[in-house]
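Written below as structure tokens is the structure these notes are about.
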Amino acid sequence: NHFYKVDFLQMAAQLPTPFHVAKKKIPCVDDEGQTVTPSANNGIKLEMFIFDCFPHSKKFACAEVLREHEFGPVKNAPGSKVDSPDTARALLLEP
């Protein structure tokens, strides 16, 4: 989790933010017009991350925790085996 003051976010929104390259499997269309889901990465996605503003903060704190207890990212589509809405929901509902 990240906690910010509104004035910091307003300032950070004005900063130039770097792009991070993520290699992805991007569905495409073959010569017959059929949708193909590639088995290997065939494209890139340019991503921006909230943590890129950390160096611009006056105060910063970090806590190390066990990933499986505190972190359930949603980076992939529903039905994916990792980092999906389904896996994040399952982590939240664990006793």
Side-chain angles (χ1 to χ4, degrees):
N1 294 326
H2 302 103
F3 300 95
Y4 301 96
K5 290 185 175 182
V6 172
D7 60 336
F8 175 75
L9 289 177
Q10 289 170 333
M11 181 277 300
Q14 304 305 313
L15 296 171
T17 306
F19 286 106
H20 301 270
V21 174
K23 297 177 181 176
K24 299 286 185 176
K25 297 174 190 168
I26 301 172
C28 53
V29 178
D30 66 14
D31 293 336
E32 287 84 45
Q34 300 297 314
T35 301
V36 176
T37 302
S39 58
N41 294 334
N42 65 334
I44 61 168
K45 177 181 172 187
L46 298 177
E47 300 178 332
M48 300 166 80
F49 297 124
I50 190 69
F51 57 71
D52 285 321
C53 69
F54 290 175
H56 303 282
S57 64
K58 293 178 184 172
K59 295 180 182 178
F60 178 81
C62 184
E64 186 174 338
V65 297
L66 292 175
R67 184 183 202 271
E68 57 273 13
H69 290 180
E70 301 291 336
F71 187 62
V74 177
K75 299 180 350 180
N76 298 317
S80 299
K81 293 184 180 186
V82 295
D83 298 344
S84 72
D86 309 306
T87 59
R89 185 179 306 107
L91 288 170
L92 283 172
L93 296 176
E94 283 182 359

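Only this structure's heavy atoms are used, side chains among them; waters, hydrogens and symmetry mates stay out.
Atom NZ of Lys23 and atom CD1 of Ile44 lie 9.0 Å apart (nearest 0.5 Å).
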Considering only distance and modelled atom types, tabulate donor-acceptor pairs under 3.5 Å from the side chains of residues 71-89, sequence neighbours left out.
residue	atom	partner	partner atom	Å
Asn76	ND2	Val82	O	2.9
Ser80	OG	Ala77	O	2.9
Ser84	OG	Ser80	O	3.2
Ser84	OG	Asp86	N	3.3
Ser84	OG	Thr87	N	3.2
Asp86	OD2	Gly79	N	2.5
Thr87	OG1	Asp83	N	3.3
Thr87	OG1	Ser84	N	2.9
Thr87	OG1	Ser84	O	3.0

Below 3.5 Å, can you tabulate the donor-acceptor pairs from side chains in residues 28-38 to any protein atom, sequence neighbours excluded?
residue	atom	partner	partner atom	Å
Asp30	OD1	Glu32	N	3.0
Asp30	OD1	Gly33	N	3.1
Asp30	OD1	Gln34	N	2.8

Donor-acceptor pairs under 3.5 angstrom involving side-chain atoms of residues 3-16: please list them, not counting sequence neighbours.
none

Identify every side-chain donor-acceptor pair in residues 46-63 under 3.5 Å, counting partners at least two apart or on other chains, and give the distances.
residue	atom	partner	partner atom	Å
Asp52	OD1	His20	NE2	3.3
Asp52	OD2	His20	NE2	2.7
Ser57	OG	Phe54	O	2.8
Ser57	OG	Lys59	O	3.3

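Take Leu92 and apply the side chain to side chain contact (heavy atoms under 4.5 Å, CB included) test, not counting sequence neighbours, and it matches no residue.
Judged as a ring-ring contact (aromatic ring centres under 6.0 Å, His included), not a single pair has a partner in residues 75-95 (not counting sequence neighbours).
Under a 4.5 Å side-chain heavy-atom cut-off, the cluster of Ile, Leu, Val, Met, Phe, Trp and Tyr residues that includes Ile26 has no other member.
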